[in-house]
Amino acid sequence: MSLTLERIEALAPDQVSLAAARKLLKPSSWPTLAEGDGLVWGECQGSGATPYRVVVNEADAGYKCTCPSRKFPCKHSLALMWMRAEKSSAFVSAPVPDWVKDWLSRRRGASSAAAKDEDEAQPKARPSIRLTEIPEAPTTADPKAEQRAAATRERNRLEREAAVIAGLDDLDTWLSDQVQHGMANFVAQAAQVCRTIAQRLVDAKAPGLAGRLDALPTRLFTLPGPVRPSAAIRELGQVHLISQAYRRASELPELLAADARQAVGWTITRETLLSDSGALRVNAKWRVFAVLSEAQPDRLRRVETWLWCESDSDSTPSCGVLIDFVPISTGAATGGYLVGDQIDAQLIFYRSSIPLRAQIMTLNKGAEHSSEPLAVPAEGLRASYAQYERALAQLPWLGTIPLTFRSANVRRNGEQLYIDDDESGFSLPLHTSQATHALPLASVGPIDGIGLWNGYEFTLAWAETQLGPWVCS
Amino acid sequence: MGRDATRTLGVLMNRTTLYATVLPSLLAGTSRYALPELVRPANPSSHGVLEMLSLMGQALRFERPAAPDSFIVEQEIKDERKIVADNLRRPLIRLLTAKNVTDHPARALARSFDLLRLRPHPFDLPSIDAFVRSNAERLGPTAQHWSDRQKSDAETQSYFDPELLDESSWAHATLSRRVAYLEQRRRDGADAARTLLESTWAQESADARFRLLETLQTGLSTTDQPFLNTLEKDRAPRVRALAAKFLARLGAGGESPALHACLERIKQSKSGLIRKHIALQIELPANVKDQTASRWILQAFADVSFRELAGAVRLEEEELIAAAAKDEPLLLALALIATSDLRLDLLELVVAHLPNAWEKIVESGLDTLGTMGESQRQCWQEIVVHPYRKDLPTIYHLWDWLQRIIDAQAPASVMSTVLHAKLLKKIPEHECAVWFELLAAMCPAAQRQELRQQLADFDQSVTVTPVVLLDILDGMENNRTHD
């Protein structure tokens, strides 16, 4: 059964979804449109850091999209079906990619979204594609309204700044209390005391610091017991550094001040970032070397897509990370990309002393899976770690950072795995979560690769070995 | 931090001082262990406490992680099997970790790995850990080592590929591998194999002795008799019983208690008007109900051989079958004995009188075909399925049992019957998914394409797993790849 406009109208949850889908009918919104084996799929740039991946089965209109929308089907799925039904865009014949095969293997059955039941007690108006053709009434700019809005925004900003400062004062008091009672005591009561101050900081409109403190107990308890008190010193010390840096932002270098504001919780919208002419832009081919996701206490899932620059130029940074937040309730555990995908894109980096977080500004070409080995710099683990130390000196509250290495070995000491540089005798402990998955690497000899260092444990992301590539799953 | 020139340190602090005086205070709490006055704080009332906290925190962050004194030296595993092709790895992982899938695909894949002497990629072992632990012996030494990784050194053993076992190493392999090795040796040279068994007999556990003794069924001859005689006083009752059964098959040894008990239940009569024929029938015990009769028969006749039963009723083996022709329970007993005795010729004669032997055998609870080789098992399957012709049963439980007990691809004749009878179209819709997995698992290579064509008529949601299985099995057979 081929897709028809009538079928799409029947599937659409409401008129708003159809109207939103109409706005996505531009081919420029879809760097990838492909077909094969009765399926059509594509990538659509949305408001998130990573483009959304959409697939539709033409036979039964089954669909899947990686966007966090709670409407089913979402506007991206509707738009893809729409373009297919109208044949308004060219779909390239291509082999079915792995991410589509993954979806197929998990499908439970045909799409259950059938035509709406006409006998419902309170029948709703069926969405109509024709209605989406009615143009929206144009809005004219009102200078006075703009002025009023700008003044309101400035007032709100000042109020927030004052609230944040008040929150930081309370934070100082709280920190002093913890120091007075000692870190051993703090660790024992971390969950309780951190929750309290985190709530205060949320009220003070400092969500970045609030989130950091809210997540602190969990972070501590992933570490071995004996090191938790000293880890608490590290973490709380950083919190104070951020607090002080925020207060004295005018005395700091511009990028460090920006880091402090971001750490406290001031966000920059995608639109603002894209319009920032001073933001770092790098146009290159990027390989996805890790996709990590973590559930947060605020019921959002943080999805990190880590990218390694594969272009020949010496442009820096050589790494970037796309961060998306999706509601846990959507069930999405990963972003749109899979490890191994290569993206030809221009990234725009958030301002930082150590630029890492980025968004895709322009997708030059849809992502394609690459089986080429990942080429990392010709330096050992110790040299790579030294770069981390230099970065830490520039950004004292530096979080997770990628480290590359050549000719290292995975070795065991008891149940703990290490990445060990034989030549220098330098080694880093692997994340305990990798104790099983990385164990086969202990038997393959020297490896080259890349991973993520968070100050405590190294998460091995990708390794080139004599048996081929190993990737973190 | 910053450019405030007034915030200079009161005293130059070195790392040693920091660790010696600041760290303990922060750990224990300043209420118990006061901080030294080393920093002139921005806020005098804070006494530099938070500055110390940040300074100490950063000093700790710059501490390089300590390397362990030593690392474990990994055991080197010699594994000559080829690693499965790269393009099959992802589909394999998806299939073996899918939810709501029967174990038939996994069993078929394990068989395929073994027959083709392939192994999973070592990097995939964690992802398919459950599959590896259940089928390690079929997946090669690397997989076996992985499966044993949490065992102590005393529990683990050296790893040998079964095809590399020889007389010097066979005793160190796992029991099932040793049984398989000995069975093969019995086919190649029965006496030499028995001699090998005798060499380690005294050190074997009771379970090992029983399972290894079963291999003597292959190529059983009078030269085995002296060894069997020595087992009359074996410590394990089932070893003694099995030895007695073999002796009875050889026509040696006294009447076994099992045979005596069976004969008490078999009634003889004469039938026919012109020519009198002997007719035999089983008289079931009063406490055995119809629904448990088949199970009773399996247990009652488990230790009886065809030859000794025929001899006891003074009939030839074929005559015994003819005499039982009108008695279903006795025919079932004979089918079970023929199976146990590896007498497929006799089984075929029994099934001619008992066309539903398959169903009756399932009822009996039989769960193993003993030491039958793969080709014998397939022949066994042909015999029990053949009487149904195109009127194949559509009871999943029967086919599920059959596939488990055969543990091999179905013979081409059986699969042809399944396909030509369009069995797929007769299956209840709500059972399609499990059926299709089973059929894909049992389908021989030459008939996979025909099965795919029939599966194409069904919804993808119930065919995706079997089709992927067929593709992987084809891929494994077509693509042997690198080490």
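So that the names make sense, note that chain A is the first sequence line, chain B the second, and so on, each numbered from 1. Keep in mind that this is a model prediction, so the values were computed, not measured.
When heavy atoms are compared at a cutoff of 4.5 Å, A/P469 approaches chain B solely by way of its backbone atoms N, CA, C and O. Interface remark: A/S371 contributes no atoms to any contact with chain B (heavy atom separation under 4.5 Å). The contact between A/H240 and chain B is made by backbone and side chain atoms together, counting heavy-atom distances below 4.5 Å. Looking at A/Q180, the atoms closer than 4.5 Å to chain B (heavy atoms on both sides) sit in the backbone and in the side chain alike. Using a 4.5 Å cut-off between heavy atoms, A/Y456 makes no contact with chain B at all. Interface remark: A/D420 contributes side-chain atoms only to the contact with chain B (heavy atom separation under 4.5 Å). Proximity to chain B is absent for every atom of A/F186, based on heavy atoms less than 4.5 angstrom apart. Using a 4.5 Å cut-off between heavy atoms, A/A438 makes no contact with chain B at all. For a residue to count as touching a neighbouring chain, one of its non-hydrogen atoms must lie under 4.5 Å from one of that chain's; by this rule A/A386 touches chain B with backbone and side chain alike.
Counting heavy-atom pairs under 4.5 Å between each of B/S127, B/A59, B/S54 and chain A puts B/S54 at the top. When the candidates B/M56, B/K99, B/E76, B/E74 are compared by the number of heavy-atom contacts under 4.5 Å with chain A, B/E74 comes out ahead. Most heavy-atom pairs under 4.5 Å with chain B: of the set A/L175, A/N413, A/V444, this distinction falls to A/N413. Chosen from A/V239, A/V187, A/L392, the residue pairing most often with chain B at heavy-atom distances under 4.5 Å is A/L392. Among A/A442, A/A232, A/S443, the residue with the largest count of heavy-atom pairs under 4.5 Å with chain B is A/A442.
Evaluation of the salt bridge (Lys or Arg N to Asp or Glu O under 4.0 Å) rule for B/R61 yields no partner, not counting sequence neighbours. A search for ring pair (Phe, Tyr, Trp, His ring centres under 6.0 Å) contacts involving B/F113 returns nothing, not counting sequence neighbours. A/S433 meets the side chain to side chain donor-acceptor pair (under 3.5 Å) test with A/H431; sequence neighbours excluded.
Taking 4.0 Å as the cut-off between side-chain N and carboxylate O, A/D169 and A/R247 count as a salt-bridged pair. Between B/R149 and B/D129, at least one side-chain N (NZ, or NE/NH1/NH2) sits under 4.0 Å from a carboxylate O, which counts as a salt bridge. Here A/R382 does not pair with A/D421 in a salt bridge; the nearest charged N to carboxylate O distance is not below 4.0 Å.
Residue-environment remark: CG (A/D170) exceeds the threshold of 12 foreign heavy atoms within 6.0 Å.
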Exercise. Could you check B/K78 against B/E80 for salt bridge (Lys or Arg N to Asp or Glu O under 4.0 Å), going step by step and ending with a plain yes or no?
Key: CA-CA 6 Å; B/K78 190 171 161 57; B/E80 303 202 342; 2.7 Å; yes
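Under a 3.5 Å cut-off, the side chain of B/D124 and the backbone N or O of B/P120 do not form any donor-acceptor pair. A donor-acceptor pair under 3.5 Å links the side-chain atoms of A/S230 to the main chain of A/V227, judged by distance alone.
Taken from CZ in A/F458 to CG in A/L430, the straight-line distance is 7.5 Å, to the nearest 0.5 Å.
Close approach to chain A, defined as a heavy atom under 4.5 Å from one of its heavy atoms, is seen in B/L26, B/L27, B/A28, B/G29, B/T30, B/S31 of residues 24-34 of chain B, taken by number.
In summary, the side chains of B/Q144 and B/D148 do not present any donor paired with an acceptor at a separation below 3.5 Å, with no hydrogens or angles considered.
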